[in-house]
A.B. asks: 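Handing you this structure, nothing more for now.
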Amino acid sequence: MTRYNPKEAEPRWQARWEDGKAFEARPDPDGKKYREKYYVLEMFPYPSGRIHMGHVRNYTMGDIVARYKRARGFNVLHPMGWDAFGMPAENAARERGIHPAIWTYENIATMRGQLRAMGLSIDWARELATCDPEYYGHEQRMFLDFLERGLAYRKESSVNWDPVDETVLANEQVIDGRGWRSGALVEQRQLTQWFFKITAYADDLLTSVNALERWPEKVRLMQSNWIGRSEGLRMRFAITGAGAKQLPGNGELEVYTTRHDTIFGMSFCAISADHPIALALASGNPAIAEFNKQCRDIAGTAEALERAEKLGFDTGLRVRHPFDANRDAPIYIANFVLMGYGTGAIFGCPAHDQRDLDFARKYGLTVLPVVAPEGGAGITIENDAYTDNSDGRLINSDFLNGMDIAAAKAEVAKRMQAAGAGEPAVTFRLRDWGVSRQRYWGCPIPVIHCAACGVVPVPEDQLPVTLPRDVTFDKPGNPLAHHPDWKHVACPACGKDAVRETDTFDTFVDSSWYFARFCTPHAAAPIERNEADYWMPVDQYIGGVEHAILHLLYSRFFTRAMKEAGYARDAEPFAGLFTQGMVTHETYKDETGAWLFPEQIIKREGGAVHRDTGAPVQIGKIESMSKSKRNVVDPEAIIAHYGADTARWFVVSDTPPERDIEWTESGIEGAWRFTQRVWRLVDESLARLPAGHSAPPIAIGPASLAMRKATHTAIAAVTEDIERFHFNRAVARIYELSNSINGFINQTKADDGAGFALREALESMILLLGPMMPHLAEECWAALGHSTMLVHENWPLADAALTRQDQVTIIVQVNGKRRGELTLAPGTANNEIESRALAMEAVARHMDGKTARKVVIVPDRIVNVVV
RNA sequence: GCCCGCUUGGCGGAAUCGGUAGACGCAAGGGACUUAAAAUCCCUCGGUCGUAAGGCUGUGCCGGUUCGAGUCCGGCAGCGGGCACCA
């Protein structure tokens, strides 16, 4: 008996696949139209240095789909690339003095080797890295097209500014109001930045997401909530008193509300600290200026905001109630009103909005309930606003009294419209996408700023605008801005001295179109439509849920923009999406509370000890693998020890792919045992197998027939499970088949057709596990006497005649409780089933001498005698 | 706070349409082979009563619909995720 040695076999098969260009994707092969395309893509990795188990899981799933679809006759595109721009490369430069490009390309080389060792069926000829000018030059080109179409624009916007590092921080880089690296207090700064007009597609992005049937419901919902459509009324109130006309808005305050039914409960209006009126007032009033600044500083830090008290500043201005000339309400500047949403101004109805209520209580404003719950005995408001917006009738509201909420809304909208003081409005939560980053390691934004001509696009023949290589990271701020000469250029329009834009793109821009570039990765244009139209959209996209909103939404926007600029046929990039769960592991701490790596501990009965010192180890929670908690297992070490197939098998066994999986030592051991078991089954069978391609035997014995049935049942089940992404179930079905084969081999006598049945069973099992364990499958396939590679084989087909059961077990119940079973031919008539059931001793016993009141029969399944 | 999801043996999980709850794997226990170990193979494995046959009970908790509920409906609890002054 020989043992399977993955260390030797895996590189050998990888080389053979490569030599045979087995995974090279060609559009429309042989000029024929009958092979349907299938584009499977996993989210490309950031080249951090080494692959982690999350990558192994993600890429194994994608590879299963790719190999399966290939075997089903599809023309499969399965590429790989690198999301290669981003901060860690600059951090490495600052900390270790290594150039971002060197660091990045070294990491790519390492990780490419690791991915290759996994035996993924990838078309490496299409590999790309976003930090390559060959890639980002096309991005710049498309940006200029977007600019021309008004899909990209510049505006001033406030950012989190770290005054020590002289850099803009993302929200998640601000911790307790301080920069994550410098620890300096973060300020809000107004900067002119580039934006993509994603809001232009807000409605389309929202309605279309619901049509993406092959996306998880959860992701569609998250996107819907993120876009956040609301229907309401925009209305204008007259500001009373002298001088009102001089204010922005020409004497009117425009507010947006979705609760116009509560207009009679209005006790104040509030405007944002950035509202034009607030800004106008601030210029003549230091107290207001100070208050506005305070609001902005709080707004910068998400955490502080959470507990922040409602604060207001009474402007002294008042608005007249639109339906009651005798009523008016004060205008406050309030810290909880956002300039970026609606009109930046609201009317406050404390009785029916919690924020308004908190504010009103603090400043002693009137709280008048105007909606009472249906059929209720009146309403009083203490500390909780009545915010139900579907159940209730209007009170204290003049002509609205007695109406339900919907009717009251309609009535108010009608009257405001008639008065020319309001109109229905749809508002989105979604904001335009700010893409400027004050960093070096990103795609340069291809524009030039000229004192005379303004913003001038870099002419096409000067693209790509490449990053200068000679940069220093010895001082804070953006190295591109510090570079002695890179930014100084002649204005393309007038020829005078001008400067380049030194901001680079958010790396989400790079990942918003890489899937399209994969279709024609070497084209001179960003996209070659003929080929791209053939491959796009991605049929199956696979990645982590953490990208459920931003990456996927940005890609959906970008594809729409590309379509508008003529680079794409379809608006939606990803027809099918699967979000896989994370890989978790137990955590370990020593006596001092320091985290320990899994390989530093030994498990003992009831606990664990340190491998070297023998000191007790505390076993902590099972958490997502992370370097900081040291609960990581290195894929390279696992592959070196067990081989790629075992690792691949483990990450799809037992746990449904969308859920978090726990990595365990015993789990990988179990997978390893199965790897060897498959080889052994094949190896031990060789002596008793007939040659390949023999016809089914004319006579077949009962054991061999049962084997054939088990084989075809497994084929049918595994096929369906892979189609539905139930890899863990497919694995279970393959285990069952291997158990059947093992039993078949171990039985003493071989009946008619045994050799044929055994070969069929083994070959089917090998074909079925091929997508999961491709190297082992090739090795077995060759051992079974095949000279061609398994990657070129077709997927096995289940013979319906062999998956049909010829005996069914019918459960016999009395009053819904299981009392026995009948084994009958499928399709047995109901009266036959009934009489057989009633004849059973166990049934008679539990009927207790009573007569059957009713007999419920589900053919081939169950019979229930009710007494 | 709002929205969404989940809850099944010691563990991961299976049960596609309301019809045998616990497939398959892991762990555990017993046995075979072996000088021994490893590897491998066989058996047992929700709880409980019983020598057994066979009962009873059991899918987070309470209630409902149904001949029949892990599955459907209502309520509650716990865990997880998303959003979070979005008017």
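When reading the values below, keep in mind they use all heavy atoms of this one structure, side chains included, and skip hydrogens, waters and symmetry mates. Residue numbers start from 1 in every chain, and the chains themselves are labelled A, B, ... in the order their sequence lines are given, proteins ahead of strands. Model, not experiment: these values are computed from the prediction.
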A.B. asks: With a 3.5 Å limit on both atom pairs, tell me what B:C26 is paired to, counting Watson-Crick and G-U wobble, or say none.
C.D. replies: B:G10

A.B. asks: Please report, rounded to the nearest Å, how far the C1' atom of B:A14 is from the OH atom of A:Tyr735.
C.D. replies: 15 Å

A.B. asks: Which of residues 421-431 of chain A have a heavy atom under 4.0 Å from RNA chain B?
C.D. replies: A:Arg429, A:Arg431

A.B. asks: Do the side chain of A:Arg648 and the main chain of A:Met772 share a donor and acceptor less than 3.5 angstrom apart?
C.D. replies: yes

A.B. asks: With a 4.0 Å cutoff (strictly under), does any side-chain N or O of A:Arg677 reach OP1 or OP2 of B:C41?
C.D. replies: yes

A.B. asks: One thing to verify: whether A:Lys362 and A:Glu309 come together as a salt bridge, which I'm taking to mean a side-chain N less than 4.0 angstrom from a carboxylate O.
C.D. replies: yes

A.B. asks: Find which nucleotide of RNA chain B each of A:Asp654 and A:Ser230 is nearest to by heavy atoms, and output the residue with the more 5' nucleotide.
C.D. replies: A:Asp654

A.B. asks: Which base, if any, makes a Watson-Crick or G-U wobble pair with B:G18, both distances under 3.5 Å?
C.D. replies: none

A.B. asks: Whole Å only: how far is the NZ atom of A:Lys409 from the P atom of B:A87?
C.D. replies: 10 Å

A.B. asks: Considering every strand and a 4.0 Å limit on heavy-atom distances, what is the contact class for A:Asp353: base, sugar-phosphate, or nothing?
C.D. replies: nothing

A.B. asks: I want to check one thing: is the phosphate of B:G68, taken as OP1 and OP2, less than 4.0 Å away from some side-chain N or O of A:Arg861?
C.D. replies: no

A.B. asks: Within the side chain of A:Lys409, is there an N or O that forms a donor-acceptor pair under 3.5 Å with the backbone of A:Leu233?
C.D. replies: no

A.B. asks: Is any side-chain N or O of A:Arg673 closer than 4.0 Å to OP1 or OP2 of B:A27?
C.D. replies: yes

A.B. asks: Under 4.0 angstrom, heavy atoms only, what part of the nucleic acid is A:Val337 near: base, sugar-phosphate, or nothing?
C.D. replies: base

A.B. asks: With both distances kept under 3.5 Å, what pairs with B:C85, Watson-Crick or G-U wobble?
C.D. replies: none

A.B. asks: Taking OP1 and OP2 of B:U40, is either one under 4.0 Å from a side-chain nitrogen or oxygen of A:Asn742?
C.D. replies: no

A.B. asks: May I ask you to list the residues of residues 212-223 of chain A, by number, that have any heavy atom positioned under 4.0 Å from an atom of RNA chain B?
C.D. replies: A:Leu221, A:Met222

A.B. asks: With both distances under 3.5 Å as the test, what is the Watson-Crick or G-U wobble partner of B:A36?
C.D. replies: none

A.B. asks: Of the options B:U20, B:A27, B:C67, whose atoms approach the side-chain atoms of A:Thr809 most closely?
C.D. replies: B:U20

A.B. asks: Counting only Watson-Crick pairs (N1-N3 plus N6-O4 or O6-N4) and G-U wobbles (N1-O2, O6-N3), all under 3.5 Å, who is the partner of B:C79?
C.D. replies: B:G5

A.B. asks: Centres of the A:Tyr332 and A:Phe313 rings: under 6.0 Å?
C.D. replies: no

A.B. asks: Syn or anti for B:C17, given that syn means the glycosidic angle lies within 90° of 0?
C.D. replies: syn

A.B. asks: Donor-acceptor pair, distance only, cut-off 3.5 Å: does the side chain of A:Ser267 make one with the backbone of A:Thr366?
C.D. replies: yes

